[in-house]
Amino acid sequence: MRLLATTALVALTALPAIAQDWKTDYRIVRFGILSGENESDRVARYTQFQEYLEKTLGVEVEIFTAGNYDGVIQALAAGQIEFSFLGSSAYAAAYTETNGGVVPLLTSVQEDDSTGYFGVIVVRCDSGLKNIDDLKGKTLAFADPDSTSGYNVPYYNLVQQGYQPEEFFAATPFSGSHEAGVVGVVNGQFDAAATYINNEKSGIPQRMESKGMIKEGEACVIWTSPEITSGPFTARANLPQGLIDGMKAAVMATPTAAPEAFKEMTGADDSTAKGYVEVNHDRYQWIVDMRDWFKANRKG
């Protein structure tokens with residue numbers, strides 16, 4: 001698990017000079033990951049990346065997970081973690097929760113140079129369900145209330161298309177994670193579930209097929225959202241600038257400095273991600289506005 005040392009040290013020479021004084025106060029740096037899949041797979045996918053960061057930054061690095069998205073958001077707000085990979089809606093929630101106390105740094109870019117993805121609704125391919133109208137009186141599982149593709153974007157767009165989810169569907173439970181929703185569809189627990197794809201080659205259903213969690217041809221997409229801006233790798237705004245700059249440079253360099261770690265963390269063989277690009281808050285303001293719409297238009 002420590003075979004990345006040479007690669008990481010070579011990469012370090014190419015990174016911008018990093019102010020060292022932050023290391024006195026941050027002997028351990030922690031980054032959070034959201035609950036898109038089961039915890040053991042989440043941690044396993046980021047272990048090589050964790051080790052790469054330790055070698056590159058020269059401090060201990062810890063992975064933080066929680067049972068739902070809000071656990072990671074609250075950890076950022078409480079100063080329990082320094083960085084996190086967030087979806088767009090989770091970033092907007094963290095931005096609101098901290099009164100602007102988080103900063104988006106980078107987002108992923110795909111092989112086709114796109115920096116977005118799509119919320120989708122999937123059903124069992126053999127269910128006979130072909131579109132949203134076929135789901136009237138059925139159960140649609142959303143992933144998590146702070147999931148962009150697994151809740152906010154599909155809910156918002158369904159309303160814009162004339163569907164009132166609480167009235168149109170028999171039930172709209174939260175599955176807890178994207179994988180749990182898709183598994184629930186395949187096993188007959190839900191009629192449909194909201195999740196995401198990057199493109200035809202990459203996304204939650206494709207990743208689950210590659211991991212053997214579902215069989216190819218069991219889960220089919222029947223609805224696709226407009227393109228969603230990919231979520232950012234995010235920092236607390238009150239961190240020392242040297243730490244922010246060092247982490248940002250290390251993450252940006254991952255595809256070339258630690259290619260196996262990058263491949264694993266972005267989804268192994270089913271991923272079409274090729275690297276990262278810089279982002280700022282303006283890119284996500286529409287997500288903040290969408291969340292404000294939820295507050296203004298929904299009870300509770």
Side-chain angles (χ1 to χ4, degrees), residues 28-50 53 61-98 101-102 117 119-122 139-155 165 171-187 189-190 192-196 203-205 207-208 211-214 219 228 230-236 264-268 287 291 294-295 298 300:
I28 299 176
V29 175
R30 299 148 298 184
F31 69 90
I33 49 179
L34 299 179
S35 56
E37 57 191 325
N38 66 81
E39 183 171 0
S40 61
D41 283 351
R42 271 184 285 163
V43 173
R45 283 205 301 119
Y46 284 89
T47 298
Q48 290 189 67
F49 176 67
Q50 172 193 14
L53 290 180
V61 175
E62 292 182 352
I63 302 172
F64 176 88
T65 65
N68 55 32
Y69 285 33
D70 191 57
V72 175
I73 293 167
Q74 293 302 320
L76 272 172
Q80 296 173 344
I81 59 176
E82 285 68 55
F83 301 90
S84 185
F85 289 93
L86 297 176
S88 296
S89 187
Y91 164 75
Y95 182 85
T96 301
E97 180 73 19
T98 62
V102 293
Y117 62 111
V120 296
I121 292 175
V122 299
T139 298
L140 169 63
F142 291 111
D144 185 285
D146 287 311
S147 172
T148 310
S149 59
Y151 177 59
N152 288 280
V153 165
Y155 188 102
T172 54
F174 289 109
S175 63
S177 73
H178 288 263
E179 286 187 346
V182 176
V183 167
V185 166
V186 171
N187 292 340
Q189 181 182 0
F190 310 125
T195 184
Y196 74 84
I204 287 292
R207 181 184 300 167
M208 293 176 70
K211 293 195 296 186
M213 296 181 66
I214 62 173
I228 306 166
S230 295
F233 181 69
T234 301
R236 292 196 344 247
E264 188 67 24
M265 68 189 282
T266 54
I287 302 290
R291 290 182 62 86
F294 272 93
K295 292 179 181 179
R298 297 197 63 216

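Along the sequence shown, residues are numbered consecutively beginning with 1.
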task = Carefully, step by step, assess Val120 and Tyr196 under the rule side-chain contact (heavy atoms from CB on, under 4.5 Å).
result = CA-CA 5 Å; Val120 296; Tyr196 74 84; 5.6 Å; no
query = Given Ser175 and Phe142, is the side-chain contact (heavy atoms from CB on, under 4.5 Å) satisfied, shown in steps?
reply = CA-CA 6 Å; Ser175 63; Phe142 291 111; over 6 Å; no
ask   = Under 3.5 Å, is there a donor-acceptor pair between the side chain of Thr98 and the main chain of Ala77?
value = no
Short side-chain donor-acceptor distance under 3.5 Å, Thr96 and Arg291 = no
task = Side-chain contact test, heavy atoms from C-beta onward, threshold under 4.5 Å: evaluate it for Thr148 versus Tyr117 and give yes or no.
result = yes
task = Mind telling me whether Phe49 and Tyr46 have parallel, tilted or perpendicular rings, with 30° and 60° as the class edges?
result = perpendicular
task = State, to 0.1 Å, how close Ile63 and Gln50 come at their nearest heavy-atom pair, and which atoms those are.
result = CD1-OE1, 3.6 Å
query = Can you tell me if Asn68 uses its side chain to pair, donor with acceptor, with the backbone of Gly176 under 3.5 Å?
reply = no
inquiry  = Which label fits Phe85 and Phe233: parallel for a plane angle under 30°, tilted from 30 to 60°, or perpendicular past 60°?
reply    = tilted
remark   = On a heavy-atom basis, the closest approach of His178 and Ser147 is NE2-OG, 3.2 Å
ask   = Would you say the side-chain atoms of Asp144 pair up with the backbone N or O of Tyr69, donor to acceptor, closer than 3.5 Å?
value = yes
query = Does Lys211 come within less than 4.0 Å of Glu179, counting only side-chain N to carboxylate O?
reply = yes
inquiry  = So which atom in Ser84 and which in Leu76 form the shortest heavy-atom distance, rounded to 0.1 Å?
reply    = CB-CD1, 4.0 Å
ask   = Is there a side-chain contact between Tyr91 and Ile287 (heavy atoms, below 4.5 Å)?
value = no
inquiry  = Give me the atom names and distance for the closest heavy-atom approach of Thr234 to Val102.
reply    = CG2-CB, 3.6 Å
message = Under a 4.0 Å threshold between the charged nitrogen and the carboxylate oxygen, would Glu82 count as salt-bridged to Arg30?
response = yes
key: N/O donor-acceptor pair under 3.5 Å between Arg236 side chain and Phe83 backbone   = no
ask   = What pair of heavy atoms forms the shortest contact from Ile73 to Ala93, and how long is it?
value = CD1-CB, 3.6 Å
ask   = Between Ala180 and Phe190, which heavy-atom pair has the shortest distance, and what is it?
value = O-CE1, 4.1 Å
key: Heavy-atom side-chain contact between Phe294 and Asn152 under 4.5 Å   = yes
task = Determine, step by step, whether Glu97 and Gln74 satisfy the side-chain contact (heavy atoms from CB on, under 4.5 Å) criterion, reporting the C-alpha distance in whole Å, the side-chain angles of both residues, the deciding distance to 0.1 Å, and the verdict.
result = CA-CA 8 Å; Glu97 180 73 19; Gln74 293 302 320; 3.5 Å; yes
request  = Check whether any side-chain heavy atom of Tyr151 sits under 4.5 Å from a side-chain heavy atom of Ser89, and report yes or no.
outcome  = no
key: Full working for side-chain contact (heavy atoms from CB on, under 4.5 Å) between Met213 and Val183   = CA-CA 8 Å; Met213 296 181 66; Val183 167; 4.2 Å; yes
